[in-house]
Amino acid sequence: MTRTCEHCTGAMPIMARAHAKTCSPRCRKALSRAKARNPLPEELRTRDRWIRRDAKKVPLTSAGMAASSTNSRTWSTYAEASSSSAGVGLGFVLSDVDDIVCLDLDHCLNPLTGRLAPWAAAIVRDAGATYVEVSPSGDGLHIWGRADVRHGRKIRRPDGTAVEIYGTGRYIAMTGRRHGNTPSALGNLSAVVAALTP
């Protein structure tokens, strides 16, 4: 089987190492720059569970029709959804076919200073190396990762804020605005989910 470069899709050199992803230093640098521009994890971008959304977070198909978080016929590829002009942004659908989950932290980020509330900072710290992005509101976070979550939960905090945990039957509005230096990968959130849902 012929291996191809992840950047130019050309054939990999015969002498390329087994773990090499690009055919040359030039392609490696270009791929690195492309990933820096698009921080969304490959685990999300390669799944055909993308939709568009309107300003009120109503899900839309790439063609601008009504979409559903439970009807896979209304979802599309990342390329189709990101090139569509329907609505105002993207959304990713959580499904029971895998263990991808999202922790939605409301009203935890000061949009002017970028400082996190202490309770949210503790959750981000405990989540470890996983993709975190700023929510569309600008004052919340979406922590993406892997865990076994079959039923969504909303955990109210004493100060009125909430942590929502979803794994299936929902879509999450995506911004691509990475929080801090979080990696473009999905980490294991099982311990965090277990701590939040005793």
Side-chain angles (χ1 to χ4, degrees), residues 38-41 43-45 47 49-60 66-70 75 78 81-82 87-96 98-198:
N38 185 352
L40 295 174
E43 296 102 315
L44 300 181
R45 286 185 282 120
R47 285 176 167 73
R49 300 207 314 251
W50 290 88
I51 58 171
R52 300 290 299 177
R53 61 180 170 83
D54 71 10
K56 295 182 180 179
K57 295 187 184 175
V58 174
L60 304 170
S68 167
S69 61
T70 57
W75 312 339
Y78 174 74
S82 62
V88 299
L90 293 169
F92 182 82
V93 179
L94 297 166
S95 170
D96 60 5
D98 57 33
D99 61 351
I100 294 175
V101 299
C102 181
L103 278 59
D104 185 358
L105 282 56
D106 292 335
H107 312 298
C108 65
L109 177 68
N110 183 321
L112 299 176
T113 65
R115 290 184 53 109
L116 278 177
W119 65 268
I123 294 173
V124 170
R125 181 197 65 230
D126 293 345
T130 197
Y131 179 66
V132 181
E133 71 172 23
V134 178
S135 66
S137 67
D139 69 353
L141 292 180
H142 293 159
I143 302 174
W144 290 89
R146 295 184 176 280
D148 184 17
V149 175
R150 294 296 161 229
H151 302 287
R153 297 271 312 264
K154 185 168 190 170
I155 302 150
R156 286 261 176 226
R157 297 183 26 78
D159 61 2
T161 58
V163 176
E164 298 171 63
I165 303 170
Y166 298 114
T168 187
R170 297 287 295 240
Y171 96 88
I172 305 296
M174 302 292 291
T175 63
R177 291 175 50 205
R178 184 199 318 254
H179 174 70
N181 308 342
T182 61
S184 295
L186 302 181
N188 186 341
L189 299 182
S190 299
V192 175
V193 169
L196 291 170
T197 57

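Both backbone and side-chain heavy atoms feed into the values below; hydrogens, waters and symmetry mates do not.
For the atom pair R47 CZ and F92 CZ, the distance stands at 6.5 Å (nearest 0.5 Å). With rounding to the nearest 0.5 Å, the separation of CG in L105 from CZ in R157 is 9.0 Å. Taking CG from D99 and CZ from R146, the interatomic distance works out to 5.0 Å, rounded to the nearest 0.5 Å. Distance check: W119 CH2 to T161 OG1 gives 4.0 Å after rounding to the nearest 0.5 Å. Distance check: S82 OG to M174 CE gives 12.0 Å after rounding to the nearest 0.5 Å. Rounded to the nearest 0.5 angstrom, K154 NZ and I165 CD1 are separated by 12.5 Å.
Between the side chains of S184 and R178, at least one donor N or O sits under 3.5 Å from an acceptor N or O.
Here the shortest heavy-atom pairing between L116 and H179 reads CD1-NE2, 3.6 Å. Of all heavy-atom pairs spanning H142 and C102, the tightest one is CB-SG, 3.7 Å. For V93 against S69, the heavy-atom pair with the smallest separation is CG1-O, 3.3 Å. Nearest approach of P39 to Y131, heavy atoms of both residues: O-CE1, 3.6 Å. When all heavy atoms of G138 and L109 are compared, the closest pair comes out as O-CD2, 3.7 Å. Here the closest non-hydrogen pair linking G176 and E133 is N-OE1, 2.9 Å.
With a 6.0 Å radius and a threshold of 12 heavy atoms from other residues, nucleotides or ligands, N181 has its CG atom at or below the threshold.
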Can you check side chain to side chain contact (heavy atoms under 4.5 Å, CB included) on L94 and I100, steps first, answer last? CA-CA 7 Å; L94 297 166; I100 294 175; 4.0 Å; yes
Can you check side chain to side chain contact (heavy atoms under 4.5 Å, CB included) on L141 and V134, steps first, answer last? CA-CA 5 Å; L141 292 180; V134 178; 4.2 Å; yes
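For the side-chain hydrogen bond (donor to acceptor under 3.5 Å, both in side chains) test, residues two or more places apart in sequence or in another chain that qualify with R170 are Y166. For S135, the side-chain hydrogen bond (donor to acceptor under 3.5 Å, both in side chains) partners two or more places apart in sequence, or in a different chain, are S137.
At a threshold of 4.5 Å between non-hydrogen side-chain atoms, the residues N110 and D139 do not count as touching. Put simply, the side chain of V149 does not reach to within 4.5 Å of the side chain of T168, judged on heavy atoms.
Of the options V132, I172, V101, L103, a side-chain contact (heavy atoms from CB on, under 4.5 Å) to W144 is made by I172 and by none of the others.
Between the R53 side chain and the V58 main chain, no donor and acceptor come within less than 3.5 Å of each other. A donor-acceptor distance shorter than 3.5 angstrom exists from the side chain of Y171 to the backbone of K57, with no hydrogens or angles considered. The closest donor-acceptor contact from the side chain of W50 to the backbone of L44 lies under 3.5 Å.
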Which side-chain N or O atoms in residues 185-198 pair as donor and acceptor under 3.5 Å with protein atoms at least two apart or in another chain?
from: N188; atom 1: OD1; to: S190; atom 2: N; distance (Å): 2.8
from: N188; atom 1: OD1; to: S190; atom 2: OG; distance (Å): 2.8
from: T197; atom 1: OG1; to: V193; atom 2: O; distance (Å): 2.6

